[in-house]
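Structure first, commentary second.
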Amino acid sequence: MKWLIPALLILPISSFAETTTYDVTGMTCNSCVKAIKAQVCKMDGIEKCEVSLGKIMLSTKEGITLNEQSVKEAVGRAGDYKVSGSSTKK
């Protein structure tokens with residue numbers, strides 16, 4: 001148990017960022033993944049961005065909360081895709 005406190009002290013602040021997973025409809029291939037990545041991953045406040053078929057996982061920088069409407073707009077700019085749901089973990 002004594003090792004736990006020092007370990008927590010050396011974890012980067014970004015370990016405590018908020019992570020939201022978005023379900024996306026309309027993605028059928030790797031070109032879809034690339035198109036969405038090009039729009040969503042460049043959004044302000046994003047620390048980590050992972051895009052796979054049907055899913056987007058975004059981690060924000062400390063103190064930043066994403067506006068879901070902004071994510072939906074970025075997904076829409078990428079093509080005929082829609083955010084169909086989301087879940088957030090802190």
Is the closest side-chain heavy-atom distance between [X] and [Y] below 4.5 Å?
X: Lys55; Y: Asp23; answer: yes
X: Leu66; Y: Tyr22; answer: yes
X: Leu58; Y: Val71; answer: yes
X: Leu53; Y: Val33; answer: yes
X: Ile46; Y: Lys61; answer: no

Open item on the list: Counting neighbours of CG on Asp44 that are heavy atoms of other residues, nucleotides or ligands and sit closer than 6.0 Å, is the number greater than 12?
Closed with: no
What are the two closest heavy atoms between [X] and [Y], and how far apart are they?
X: Val40; Y: Ala74; answer: CG2-CB, 3.9 Å
X: Gly26; Y: Cys32; answer: O-SG, 4.2 Å
X: Ala78; Y: Ala35; answer: CB-O, 3.4 Å

TODO: Please check if any side-chain donor atom of Thr19 sits under 3.5 Å from a side-chain acceptor atom of Ser59, or the reverse.
DONE: yes
For the [atom1] atom of [X] and the [atom2] atom of [Y], what is their distance to the nearest 0.5 Å?
X: Gln39; Y: Cys49; atom1: CD; atom2: SG; result: 11.0 Å
X: Glu62; Y: Glu18; atom1: CD; atom2: CD; result: 12.0 Å
X: Tyr81; Y: Ile56; atom1: OH; atom2: CD1; result: 10.5 Å
X: Met43; Y: Glu73; atom1: CE; atom2: CD; result: 8.5 Å
X: Thr21; Y: Glu50; atom1: OG1; atom2: CD; result: 9.0 Å
X: Lys37; Y: Ser52; atom1: NZ; atom2: OG; result: 9.0 Å

Open item on the list: Testing Thr65, Thr88, Thr60 one by one against Thr20 for a side-chain hydrogen bond (donor to acceptor under 3.5 Å, both in side chains), which residue passes?
Closed with: Thr88
Open item on the list: I need the single residue from Val24, Asn30, Thr25 that forms a side chain to side chain contact (heavy atoms under 4.5 Å, CB included) with Met27. Which is it?
Closed with: Val24
Task: Candidate pair Val51 and Cys41, rule side-chain contact (heavy atoms from CB on, under 4.5 Å), full reasoning - done: CA-CA 9 Å; Val51 181; Cys41 294; 4.2 Å; yes
